[in-house]
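Here the structure is a predicted model, which means the values were calculated and not measured. Atom set for the values below is all heavy atoms of this structure, side chains included, hydrogens, waters and symmetry mates excluded.
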Amino acid sequence: MRYNFRIVRDYHPQSLDRKWQARWQDTGAFEVTEDPSRPKFYCLEMFAYPSGHAHVGHVRNYMIGDVMARQKRMRGFNVLHPFGWDAFGLPAENAAIKQGIHPEQSTLANIAHMKGQLQRLGISYAWNREIATCLPDYYKWNQWLFLRMLERDLAYRKRSTVNWCPSCQTVLANEQVVDGGCWRCGTAVGSRTLDQWFLRITHYAQELLDATDRLTEWPEKVLTMQRNWIGRSEGARVKFALLRAGVSEAPSAPLPADAPAVEVFTTRIDTIFGATFVLLAPEHEWIERIADESADPAAVRAQVQKFRAQDRTARMTGEVEKEGFFTGRYAVNPFTGRAVPLWVANFVLGEYGTGAVMAVPGHDQRDFEFARKYGLPITVVVQPEGQPPLSADAMTEAFVEPGRIVGSGEFDGLWSTDAIGRMAEAAEARGIGARTVQFRLKDWGISRQRYWGTPIPVIYCGHCGMVPVPDDQLPVELPAMVEFTGRGDSPLAQVEAWVTAPCPACGRPARRETDTMDTFVDSSWYFYRYCDPRNDRQAFDPAKVRYWCPVDFYSGGVEHAILHLIYSRFFCRVFRDLGMVEHDEPFTRLLTQGMVLKDGSAMSKSKGNVVDPDDMLARYGADALRLYVMFVAPPENEIEWTDAGLEGSARFLARIWRVADQWCDAFAGRAVPALAGLAPNEAEQELRRVTHDTIRRVTHDLDPRVHLNTVVSALMEMVNALYAFCEAHTNTGIPGRRAKGEAGPVEERPETLAVLKEALDALVLMLSPFAPHTAEELWEMLGHEGGLAAAAWPAYDPVIARSSEIVVPVQVNGKLRGRLTVPADVTEEALKELALAEAAVRVHTAGKTVARVIVAKGKLVNVVVK
RNA sequence: GCCGGAGUGGCGAAACUGGCAGACGCGCGGGACUCAAAAUCCCGUUCUCCGCAAGGGGAGUGAGGGUUCAAUUCCCUCCUCCGGCACCA
């Protein structure tokens, strides 16, 4: 077989990008519909906030997802790979205040630009399913779902103290407060008291916690964060009956169970005999009443006010000195029957538990410090075992470990952990307490005093009260014209024509709710909408969601480990309980991709360290960028951006190009001899082995392992093997190494061409998820029609992938002393004999006794000598 | 403080089920090609010791211990870094 040399085609990745992106778009290559005959694969990357420009940190995530989507398509899966925009949010509105550009205008322009960037990267999205949450056809269903939650008491309105960001001029959920600052702008968070809408995520707290055990394909890190966030703790609520003002002695007869009482939450009811005072949070609901009934109401109020005014975050993180004051009132410890003073303390949290605690200074460090500071009594009710007994006067710190119960009447002698159960039972029997479970997780406050969000669909009527907007009047659309002043009240409240609306119940003039929803509402269910993005009768068709969901592979930044991912798990359960979805968890497998750093820190406009993918595309093409980002480290790792690494990937692509180009004319337009019936020589067989073994490695590393960096390594090794083969075993030689004078017909064995064709075909197919443009072009050059869309993932033959000869290391006492080259099917016995006969081994066994010979089949021989 | 995750060459990393530590790439060094350079191709590159050399010895995966014929991998103690929670009663 002969072929003629010609000049190597130049590799122009940029023109390949354009050519194949246009073709994919024209043919709708990545659009899909439900097809029950094929297994589905829902591959999703967290959608994007349209900030204007995507940097390589953002697009890394999309590239990871794209590799998985493309690879799954080739393996016969019906792949849903959609994209969309988390398009509501503060920056657009802040820009409007500053620059006077309407948020809708800037958002839509940003979306257009970023969409272009993603398309230039060749990400294989089903663009006809694109959604933007700021459009009424999306947020209508936020409103619809809100009304369903309202009906089920999963949405409710409550006056409450909330986190307030003075810079963003809005409320923040607890999850949005990071280290005491606003999650978006970092400004120190203050507090305000407002009527707020809440979603009752706590209804699912236990289920959300329990189900983390079944999320076996989520990173442990994320599950830990969610468990911490939910923060379950088991304990008991106990009532301390309140004595009337002026009474400081407990009555001799027990008080009735329904007497006015301060209820406390404790995890250490075993120490209750040591509870010598009770502490109330400054926010406690009874503070007002106690002040009124006190001798000097004004003084009490002033003290409370002082505590409430203390910096909210400092109070929550313990940076404020522990302070308190005596209210003048007493309560009764229900176990000792003694009166204990009632204090207010700044370190007691109003929003956790009951807002009141029993103070056990002997066994709680905070209470101990408080007692010493204010001269309150300390009683020891738990003694350590195997140590000298504690005395209250001599203690320098609280004893918080479990121990033997003392001074607690009938419970004396019990071990603390056993006493907890027994005392809780006793409290229950007397009707003065109950075992409870307390969660740190709080209901999700969704009210935002901003314009650029989903209007909350309720109307307040002077006669009917709060009235939900009927479904057939949805969506409640945002008014088009608004003046953006940045003032603290809701911008919608200023649009009188919009606010005034007839009451849906009685028809009289009423006023709309002027708060909008937290944008995390939008992102909590968008993955369902992708399944049926244009449905104007329902949020989605349950049958379509049943086919596509749950999401099989979800990737995004770890910064969403709590916020977005716990809200989505919550919404999934709401939809489930509405009968619209059948699964319990929305995301089967989660991958948290690491950030891309530049000069040691995350890319951001303000730091001026942003790497724009378009710059990289202009220099190296999309494939080199994609390949580099996949190769440099595992997807979960943070990576430091370097241009040098990118050049290495560009070189690798050119190296593939050259070897494929060198042989493609030999294959094109003629029948490459089939391998069957040919007799490849040793070198050719070895190349086949490399080909099949590489397919095996790559297939496994892609899925299920998602070790994308080692996939690229394996491809590089295969290319190195191809070059070595060309150099040593073909007449043509190394690609790009031909001297001009040598140009001319060169003969190759048919076997050589056949194994090369097999190798190059497989190489291009395996490359295609990473470098799809180059791969498409090479696939065409290799003589295939129909594009990669028509191609299947290469299969490997395990027999060919296995070498007929293997190299087995031989150790003596665990130290490597030699290597044996033996047939792959060598017996253990033969291997043992060969090992003992090996010269390098005998040097180390001479004069010693061979105690054992361990043969790990096909892997290693270890000779143990004494 | 509690709960997770991680620590391997000059750098990014690999080692899948306990079996040759450092694959692959970057960088660096050398060579080939070239009038020359770039590009390309080939070789070398954990540290250290012995040797002119071929070659050989020793150490080595944060530290120390343990289990094992054999440990980056399993167990214990500790150190450091990263992340989460944290006056949560």
Side-chain angles (χ1 to χ4, degrees), chain A residues 8 219-231 233 235 264-268 271 279 314-320 322 345-349 351-354 356-360 363-367 369-370 400 438-440 558-559 561-562 592 628 631-634 636-640 642 644-649 651-652 654-655 658 697 700-701 704-705 707 709-717 719-720 723-724 726-727 733-737 739 807-819 840 843 851-865:
Chain A
V8 175
E220 200 53 46
K221 181 172 51 168
V222 174
L223 296 176
T224 301
M225 286 164 76
Q226 293 216 348
R227 288 175 190 136
N228 284 343
W229 191 260
I230 295 168
S233 69
V264 302
F265 173 74
T266 179
T267 56
R268 289 293 303 276
T271 64
L279 297 172
R315 257 186 73 200
M316 301 232 315
T317 53
E319 283 154 23
V320 166
K322 290 179 186 55
N346 61 345
F347 67 90
V348 177
L349 304 172
E351 57 218 44
Y352 183 77
T354 60
V357 297
M358 62 178 208
V360 184
H363 307 287
D364 180 283
Q365 187 58 26
R366 295 157 301 184
D367 299 344
E369 288 166 22
F370 196 84
V400 298
Q438 190 65 43
F439 292 97
R440 210 195 70 97
V558 73
E559 66 272 19
I562 302 174
T592 50
Y628 165 64
F631 172 64
V632 66
E636 295 86 351
N637 287 24
E638 278 186 350
I639 57 176
E640 173 68 32
T642 63
L646 182 52
E647 270 171 44
S649 294
R651 266 203 294 275
F652 172 62
R655 198 165 148 86
R658 279 191 299 276
R697 286 170 63 190
H700 188 213
D701 274 0
R705 296 185 77 208
H707 284 205
N709 54 327
T710 58
V711 171
V712 179
S713 298
L715 296 179
M716 287 173 167
E717 285 180 64
V719 170
N720 291 345
Y723 270 68
C726 291
E727 179 181 32
I734 285 176
R737 278 282 49 175
V807 176
V808 177
V810 181
Q811 299 177 335
V812 178
N813 285 352
K815 287 204 161 92
L816 183 69
R817 297 301 178 189
R819 291 189 173 84
V843 171
R852 276 174 80 182
V853 180
I854 285 120
V855 179
K857 202 162 185 304
K859 281 182 184 163
L860 172 137
V861 179
N862 190 10
V863 180
V864 185
V865 296

- Check the surroundings of atom NZ in A:K221: do more than 12 heavy atoms from other residues, nucleotides or ligands lie under 6.0 Å from it? no
Indicate whether OP1 or OP2 belonging to [N] is found under 4.0 Å from a side-chain N or O atom of [X].
X: A:R697; N: B:C24; result: no
X: A:R440; N: B:A86; result: yes
X: A:R658; N: B:C41; result: yes
X: A:R651; N: B:C26; result: yes
X: A:H363; N: B:A89; result: no
X: A:S233; N: B:A89; result: yes
X: A:Y723; N: B:C42; result: no

Can you name the residues that form a side chain to side chain donor-acceptor pair (under 3.5 Å) with [X], not counting sequence neighbours?
X: A:E636; result: none
X: A:Q811; result: none
X: A:D367; result: none
X: A:T710; result: A:D701

Atom-pair distance ([atom1] on [X]; [atom2] on [N]), nearest Å:
X: A:L349; N: B:A89; atom1: CG; atom2: C1'; result: 9 Å
X: A:F652; N: B:C26; atom1: CZ; atom2: P; result: 11 Å
X: A:D701; N: B:A23; atom1: CG; atom2: C1'; result: 12 Å
X: A:D364; N: B:G1; atom1: CG; atom2: C1'; result: 13 Å
X: A:K859; N: B:C20; atom1: NZ; atom2: P; result: 9 Å
X: A:H707; N: B:A23; atom1: NE2; atom2: P; result: 18 Å
X: A:Y352; N: B:A86; atom1: OH; atom2: P; result: 11 Å
X: A:R227; N: B:A86; atom1: CZ; atom2: P; result: 17 Å

- Task: Using a 3.5 Å limit on both pairing distances, list the dot-bracket string of RNA chain B from the 5' end; Watson-Crick and G-U wobble pairs count, crossing pairs take [ ], interstrand pairs take |.
- Result: (((((((..(((......[....)))((((((.......))))))(((((....)))))..(((((..]....))))))))))))....
- Item | Check: A:V400 main-chain N/O paired with A:R268 side-chain donor or acceptor under 3.5 Å | yes
- Task: Taking A:N813 for its side chain and A:V865 for its backbone only, find out whether a donor-acceptor pair lies under 3.5 Å.
- Result: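 Yes.
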Could you work out the separation of [N] and [M] based on their [atom1] atoms and round it to a whole Å?
N: B:A37; M: B:A32; atom1: P; answer: 11 Å
N: B:G4; M: B:U8; atom1: P; answer: 22 Å
N: B:A71; M: B:G55; atom1: P; answer: 28 Å
N: B:A6; M: B:A13; atom1: P; answer: 14 Å
N: B:C74; M: B:C24; atom1: P; answer: 26 Å
N: B:C42; M: B:C26; atom1: P; answer: 12 Å
N: B:G22; M: B:G27; atom1: P; answer: 22 Å
N: B:G62; M: B:G51; atom1: P; answer: 33 Å

- Syn within 90° of 0, anti beyond: B:G22 is anti
Please report the closest heavy-atom contact between [X] and [Y], naming both atoms and the distance.
X: A:A633; Y: A:N637; value: CB-CB, 4.0 Å
X: A:I562; Y: A:Q226; value: O-NE2, 4.3 Å
X: A:P219; Y: A:T592; value: CG-OG1, 3.9 Å
X: A:F265; Y: A:Q438; value: CZ-CB, 3.4 Å
X: A:M225; Y: A:A561; value: CE-CB, 3.5 Å

Filtered N/O pairs between nucleotides 10-13 of chain B and protein, under 3.5 Å:
from: B:G12; atom 1: O2'; to: A:V632; atom 2: O; distance (Å): 2.6
from: B:A13; atom 1: OP1; to: A:N637; atom 2: ND2; distance (Å): 3.1
from: B:A13; atom 1: O3'; to: A:N709; atom 2: ND2; distance (Å): 3.4

- Task: Apply side-chain hydrogen bond (donor to acceptor under 3.5 Å, both in side chains) to the pair A:R852 and A:N862, showing each step before the final yes or no.
- Result: CA-CA 8 Å; A:R852 276 174 80 182; A:N862 190 10; over 6 Å; no
Between the protein and nucleotides 67-74 of chain B, list the N/O to N/O atom pairs that are separated by less than 3.5 angstrom.
from: B:C69; atom 1: OP1; to: A:R852; atom 2: NH1; distance (Å): 3.0
from: B:C69; atom 1: O2'; to: A:N862; atom 2: ND2; distance (Å): 3.2
from: B:C69; atom 1: O2; to: A:N862; atom 2: ND2; distance (Å): 2.7

- Task: Would you please name every residue forming a ring pair (Phe, Tyr, Trp, His ring centres under 6.0 Å) with A:F347, sequence neighbours left out?
- Result: A:F370
- Item | By ring pair (Phe, Tyr, Trp, His ring centres under 6.0 Å) - contacts of A:Y628 (at least two apart) | A:W641
- Query: Between A:R268 and A:M225, which is nearer to the 5' end of RNA chain B once each is assigned its nearest nucleotide?
  - Reply: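 So the residue in question is A:M225.
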Looking at every strand, decide which applies to [X] at a 4.0 Å heavy-atom threshold: base, sugar-phosphate, or nothing.
X: A:K857; answer: nothing
X: A:H700; answer: base
X: A:V348; answer: base
X: A:G645; answer: nothing
X: A:N720; answer: sugar-phosphate

- Item | A:E640: partners by salt bridge (Lys or Arg N to Asp or Glu O under 4.0 Å), with sequence neighbours left out |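 So A:E640 forms no salt bridge (Lys or Arg N to Asp or Glu O under 4.0 Å) with any residue.
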- Query: Who pairs with A:R227 by salt bridge (Lys or Arg N to Asp or Glu O under 4.0 Å), at least two apart in sequence or on another chain?
  - Reply: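 Salt bridge (Lys or Arg N to Asp or Glu O under 4.0 Å) list for A:R227, sorted by chain: A:D213, A:E220.
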- Message: Would the base of B:C20 count as contacting A:R819 through its side chain, where contact means a donor and an acceptor less than 3.5 Å apart?
- Response: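 Pair found.
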- Item | No-H, no-angle donor-acceptor pair, A:R366 side chain to B:A89 base, under 3.5 Å | yes
Protein-nucleic acid N or O pairs under 3.5 Å, nucleotides 2-9 of chain B:
from: B:G4; atom 1: O2'; to: A:T224; atom 2: OG1; distance (Å): 3.4

- Looking only at B:C41, B:A15, B:G27, the nucleotide nearest the A:R655 side chain is B:C41
- Message: What's the closest nucleotide to the side chain of A:E727 if the choices are B:G84, B:C42, B:G58?
- Response: B:C42
